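Data block below; observations after.
When a residue number appears, it is its place in the shown sequence, counting from 1. Only heavy atoms go into these numbers, but all of them, side chains included; no hydrogens, no water, no symmetry mates. Predicted model only: the values in this text are computed from it and were never measured.
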Amino acid sequence: MKGLNYTLIPSFSIVMLCSACNDKASTSSQKEHPVNQVTSTTPTQPKPIVSPSAPKSNDLVNNPTPLPQGYQVDTRYLKQPLLIDFNGDKQLDAFRVLKNPNKTGMKYLFEFRIANTDQVYFYENDDESYDLNFFGQFEVAKAGEKFVDALKLENDDLLDYEHAPEKARLILKYDGITTNTTEETCATSLFYLENEKINRIFLC
């Protein structure tokens, strides 16, 4: 009778096999039930609300006085207002040409608008033979400049300031406006503010 062959497995090998089975089962369980991870995010900061700035005044040189009834700004020759200091307060005032197309007689005015006030001075031609649209060139005359009033000369000969009689001499206290025609002629006038009214002298 043949004897039976037996293979003995040491006890510590059985323990290692069981341990390996438990580790495999544990790994499988983790794969089937993954742990939810919580990620932290920085909260979005609200954008600041910027309030609009106060609207700026649309009044020319901060003078709210409206145009005379029926008049409008005439830009045929003077495209933009001339900004000069008419009264010596170091603020820029404005000069414009105005027109009333529906008016009979003199249709044009020269407007002298004083900055940061409601004061406006006007000049209307008192010679009915021509209106102020006769002038097409406008230049600033600076305070301190010297002029000669041609109407106060004894004859038609034009004189410079040094040779003119005292009564014909003028030194501008504040800025003014010189005007001339668009043609090559001498028909220049000076307009300036003095004693609360617009004055005019004829230069030639």
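The CZ atom of Phe110 sits 8.5 Å away from the OG atom of Ser189 when rounded to the nearest 0.5 Å. For the atom pair Phe202 CZ and Leu190 CG, the distance stands at 11.0 Å (nearest 0.5 Å).
In this structure, the side-chain contact (heavy atoms from CB on, under 4.5 Å) partners of Glu194, at least two apart in sequence or on a different chain, are Tyr192, Asn199. Partners of Phe112 according to the ring pair (Phe, Tyr, Trp, His ring centres under 6.0 Å) rule, which considers only residues two or more places apart in sequence or in another chain, are Phe86, Phe95. Asp93 pairs by the salt bridge (charged side-chain N to carboxylate O under 4.0 Å, His left out) definition with nothing, not counting sequence neighbours. Every residue meeting the side chain to side chain donor-acceptor pair (under 3.5 Å) condition with Thr188, not counting sequence neighbours, appears here in chain and number order: Asn180. The side-chain contact (heavy atoms from CB on, under 4.5 Å) test applied to Pro101 returns Gln72, Lys99, not counting sequence neighbours. Residues forming a side-chain contact (heavy atoms from CB on, under 4.5 Å) with Asn195 (at least two apart in sequence, or on another chain): none. Looking at residues two or more places apart in sequence or on another chain, you find a salt bridge (charged side-chain N to carboxylate O under 4.0 Å, His left out) between Arg96 and Glu111.
Criterion: ILVMFWY side-chain heavy atoms under 4.5 Å apart, direct or through other members. Under it, Tyr121 and Leu78 are part of a common hydrophobic cluster. The cluster map of Ile, Leu, Val, Met, Phe, Trp and Tyr, joined by side-chain heavy atoms under 4.5 Å apart, puts Phe134 and Tyr77 in the same cluster. Linking Ile, Leu, Val, Met, Phe, Trp and Tyr whenever their side-chain heavy atoms come within less than 4.5 Å puts Ile177 and Tyr108 in one cluster.
Hydrophobic cluster membership of Tyr71, counting Ile, Leu, Val, Met, Phe, Trp and Tyr whose side-chain heavy atoms lie under 4.5 Å apart directly or via other members: Leu67, Val73, Leu98, Leu109, Val120, Phe122.
Closest approach of Phe135 to Ala187, counting heavy atoms only: CE2-O, 3.5 Å. The two residues Ala115 and Leu92 make their nearest non-hydrogen contact at CB-O, 3.2 Å. Between Ile114 and Asn87, the shortest heavy-atom distance links the atoms CG2-ND2, 3.4 Å. What you find for Ala164 and Leu159 is that their closest heavy atoms are CA-CD1, 4.1 Å. Nearest heavy-atom pair, Tyr174 versus Leu193, reported as atom, atom and distance to 0.1 Å: CD1-O, 4.2 Å. Among all heavy-atom pairs drawn from Ala150 and Leu158, the shortest one is CB-CD2, 4.1 Å.
The salt bridge (Lys or Arg N to Asp or Glu O under 4.0 Å) analysis of residues 101-110, with sequence neighbours excluded, yields the pairs Lys103-Glu124. Among residue pairs with one or both ends in residues 146-170, those qualifying as salt bridge (Lys or Arg N to Asp or Glu O under 4.0 Å) are Glu166-Arg169; sequence neighbours excluded. Pairs of residues two or more places apart, or lying in two chains, that qualify as side-chain hydrogen bond (donor to acceptor under 3.5 Å, both in side chains) and include a residue from residues 128-142 are Asp127-Ser129, Tyr130-Arg200, Lys142-Asp175. Evaluation of the salt bridge (Lys or Arg N to Asp or Glu O under 4.0 Å) test over residues 64-92, restricted to residues two or more places apart or in two chains, returns none.
The backbone N or O of Asn63 sits less than 3.5 Å from a side-chain atom of Arg113, completing a donor-acceptor pair.
A heavy-atom distance below 4.5 Å is found between the side chains of Val97 and Phe138. Using a 4.5 Å heavy-atom threshold, the side chains of Leu132 and Thr179 count as separate. Inter-residue side-chain proximity for Phe147 and Ile201 is flagged as met; some heavy-atom pair is nearer than 4.5 Å.
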